[in-house]
Amino acid sequence: MDTNFQPIISTNARGHYRQHPLEFKRALVALSLEPGASVARIAREHCVNANQVFSWRRLYQQGRLGVPASVRDDGLLPVVLAPTAPAPSNTSSDADGVIVLELGEVRVRIEGQPNATILAQVLDRVLR
């Protein structure tokens, strides 16, 4: 995996500091989560502090750095099936349903018939 990204250097009251792209952080986290990987070695090879990599790993596990580790291996989200309620006696063309997505600290509840385009946009934002 080629993770040779250039950080963005910016200046503020504290002086110069590096702002690494999200892809760079995710790539280092993925490398550090491989079996037998040394966080210190990975950090040294990419000119960052090992504590920073551990911080990014913690954010990743909390779902605040993109897709969490629970999705990393197979790309699937965990699904919990709830007992179904009996079908209403009146069948209408406006079938109502509820979709609840929980990913880390993010919870999205969609009721009714969502627009497919809007639903795709919401899922894209939540699963980043």
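Taking 4.5 Å as the limit, every side-chain heavy atom of Ser38 sits out of range of all side-chain heavy atoms of Arg44. Taking the side chain as every heavy atom from C-beta outward, Leu101 and Arg109 never approach each other to under 4.5 Å.
Hydrophobic clustering (ILVMFWY, side-chain heavy atoms < 4.5 Å, transitive): Ile110 and Ile118 are in one cluster. No continuous path of hydrophobic side-chain contacts links Val100 to Leu119 [ILVMFWY only; heavy atoms under 4.5 Å].
Under the side-chain contact (heavy atoms from CB on, under 4.5 Å) criterion, Ala120 pairs with no residue at all, not counting sequence neighbours. For Arg58, there are no side-chain hydrogen bond (donor to acceptor under 3.5 Å, both in side chains) partners two or more places apart in sequence or in a different chain. Taking Glu45 as the reference, Arg41 meet the side-chain hydrogen bond (donor to acceptor under 3.5 Å, both in side chains) condition, with sequence neighbours excluded.
Trp56 contributes atom CH2, which lies 10.0 Å from atom OG of Ser32 (distance to the nearest 0.5 angstrom). The distance from the NZ atom of Lys25 to the CD atom of Gln19 is 8.0 Å, given to the nearest 0.5 Å. The CZ atom of Arg57 sits 13.5 Å away from the CD atom of Gln52 when rounded to the nearest 0.5 Å.
Closest of all the heavy-atom pairs between Arg26 and Leu65 is NE-O, 3.2 Å.
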(request) Evaluate side chain to side chain contact (heavy atoms under 4.5 Å, CB included) for Phe24 paired with His46, printing each intermediate quantity in order. (result) CA-CA 10 Å; Phe24 176 78; His46 293 88; 4.0 Å; yes
(request) Would you please test Ile42 and Glu34 for side chain to side chain contact (heavy atoms under 4.5 Å, CB included) and show each step? (result) CA-CA 11 Å; Ile42 292 168; Glu34 291 179 3; over 6 Å; no
